[in-house]
Amino acid sequence: MAVRKLVPNVHSVGAIDWGRKIFDELIPLPDGTSYNAYIVKGSEKTALIDTVDPEKEMELLVNLHELGIEKIDYIITNHAEQDHSGAIPLILEHFPEAVVVTNQKCKSFEIDHLYIHDSNFKVIHDGDTLSLGDKTLKFIMTPWVHWPETMVTYLEEDNILFSCDFFGSHFASSKLFAEESPKVVEGAKRYYAEIMMPFRSIIRKNIEKLSDLKIKMIAPSHGPIWKSPSTIINAYKEWISEEVKNEVVIPYVSMHESTLIMVEYLVNELMKKSINVKPFNLPETDTGELAMSLVDAATVIVASPTVLAGAHPAAVYATFLMNALRPKTKFVGIIGSYGWGGKMVDQLSGLLGNLKVEIIDPVLVKGRPNEDDFDALDKLVEKIVENHKDLN
Ligand code: FEO
């Protein structure tokens with residue numbers, strides 16, 4: 001990635017990962033991602049803010065060389081996860097005078113994960129500042145976005161917030177600013193859904209904590225920079241709110257069509273009631289799309305056949321994932337089919353312990369659905385309509 005200027009003496013020096021197809025071996029990346037790092041040159045000192053994934057560390061070195069950086073005084077590390085901290089050891093090899101600046105918890109993680117020596121660190125605390133001469137960095141603890149040690153760095157003179165994962169997006173782009181690519185918000189939602197959603201309530205507190213800052217630019221460590229910070233802050237406020245949408249997500253899997261017939265019937269009947277429906281055929285589903293759909297939906301109906309005397313493993317996976325992501329979903333239902341018996345409902349509902357949801361009465365069908373079964377699905381639709389009656 002080329003070196004790019006945000007404002008005078010502040011440059012982006014990280015790497016774009018155009019070809020990365022999956023993150024955390026979990027969420028597909030249709031638009032790639034980036035690992036952003038930034039150089040802030042003050043009149044007396046130079047700071048590198050975050051680094052890059054070790055796979056791209058040579059790009060970081062090349063960019064520092066291209067920018068003519070001969071001395072780094074401080075490496076500010078906002079987050080210990082390796083896609084941002086993993087190149088610190090290499091940077092220390094090339095710039096041995098650099099001091100690694102972070103909070104105590106992050107320091108301890110980086111000693112464990114990266115074997116960085118204790119003597120390399122300077123520990124800072126919430127609200128501390130660090131002078132680079134004519135530029136000042138302020139450190140603000142924003143825990144659990146999405147690890148316990150996460151913090152952000154604010155450049156006071158230029159009003160730039162270096163937010164690391166917070167407000168980031170999985171989006172590789174040659175454009176420096178998010179506003180030049182409308183799809184970036186979707187990349188940010190994909191990122192939020194995968195790793196931030198379980199921490200909604202603490203994110204609310206962190207956004208509140210940042211509200212006193214005058215922010216002209218948010219420079220995250222994934223995806224383009226937000227030149228109009230309100231775009232991403234308002235999107236986050238919507239995602240973390242307790243408001244749900246008049247939407248039903250249906251993750252389903254079907255082996256011999258019985259469950260599929262039920263799902264198609266349910267989709268059609270819900271649409272007739274003006275309820276937005278998003279069915280996902282699990283064996284073909286992009287997990288990121290499913291996670292994004294969970295950000296807003298009021299109701300999730302998991303649909304599964306019975307196989308090996310229980311729920312289909314694809315339905316188990318989707319239910320387990322939903323429980324881990326802790327969406328603000330209010331209602332969960334289970335529908336499906338069986339040949340002779342099984343414990344599908346007990347298995348799936350037993351996986352939902354993290355969620356504060358009302359479990360709707362299940363609809364189970366022996367063999368292919370008959371008239372009574374469609375009546376039961378009609379009752380399920382009535383129940384969903386009743387649950388959603390106050391939603392837009
Ligand atoms: Fe982008 Fe939590 O690392």
Side-chain angles (χ1 to χ4, degrees), residues 1 12-38 48-57 59-60 75-91 100 102-103 105-114 116 139-153 161-173 178 184 186-200 202-203 206-207 218-226 232 236 239-240 287-288 291-292 324-326:
M1 176 163 93
S12 173
V13 291
I16 300 177
D17 203 339
W18 302 96
R20 188 157 179 180
K21 296 292 176 215
I22 193 160
F23 205 77
D24 291 343
E25 301 305 309
L26 176 64
I27 297 286
L29 299 180
D31 300 303
T33 193
S34 68
Y35 322 105
N36 305 338
Y38 301 94
L48 172 66
I49 300 182
D50 291 320
T51 68
V52 298
D53 191 283
E55 284 201 8
K56 295 283 181 182
E57 61 187 8
E59 279 190 40
L60 173 59
I75 303 167
I76 315 297
T77 169
N78 286 314
H79 174 30
E81 197 165 12
Q82 289 92 329
D83 51 332
H84 310 291
S85 67
I88 293 176
L90 182 73
I91 296 296
V100 182
T102 193
N103 61 75
K105 196 166 274 178
C106 189
K107 168 185 164 179
S108 125
F109 288 177
E110 289 181 353
I111 289 172
D112 291 340
H113 287 288
L114 302 167
I116 301 173
F139 308 107
I140 301 157
M141 301 304 125
T142 50
W144 292 108
V145 289
H146 60 123
W147 278 20
E149 88 299 359
T150 46
M151 65 180 208
V152 297
T153 299
L161 185 74
F162 298 95
S163 58
C164 203
D165 280 344
F166 202 10
F167 304 123
S169 61
H170 284 314
F171 198 82
S173 174
V184 178
E186 196 178 310
K189 188 172 188 180
R190 179 175 284 262
Y191 192 56
Y192 166 85
E194 184 208 344
I195 61 167
M196 298 289 177
M197 187 152 66
F199 309 109
R200 276 197 317 282
I202 198 152
I203 289 175
N206 284 327
I207 289 180
I218 294 180
S221 292
H222 293 292
I225 292 162
W226 303 95
I232 187 64
Y236 259 70
W239 300 334
I240 62 175
T287 314
M292 280 194 283
L325 296 178
R326 299 175 186 240

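Counting starts at 1 for both ligands and their atoms, following the listed order. Only this structure's heavy atoms are used, side chains among them; waters, hydrogens and symmetry mates stay out. None of the values given here were measured: they were computed from a predicted structure.
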Taking the side chain as everything from C-beta on, heavy atoms only, tell me whether Val184 gets closer than 4.5 Å to Trp226. yes
Tell me, please, which residues at least two apart from Lys105 pass salt bridge (charged side-chain N to carboxylate O under 4.0 Å, His left out). none
Among residues at least two apart in sequence or on other chains, which ones pass side chain to side chain donor-acceptor pair (under 3.5 Å) with Tyr38? Asn36
Starting from the C-alpha separation in whole Å, work towards a yes-or-no answer on ring-ring contact (aromatic ring centres under 6.0 Å, His included) for Phe166 and Tyr236. CA-CA 10 Å; Phe166 202 10; Tyr236 259 70; 5.7 Å; yes
Counting no waters, how many protein N/O/S atoms sit under 2.8 Å from atom 2 (Fe) of ligand 1? 4
Check side-chain contact (heavy atoms from CB on, under 4.5 Å) between Ser221 and all other residues, then give those that pass, not counting sequence neighbours. Asp50, His84, Cys164
Side-chain heavy atoms of Glu57 within contact of Thr51, under 4.5 Å: no
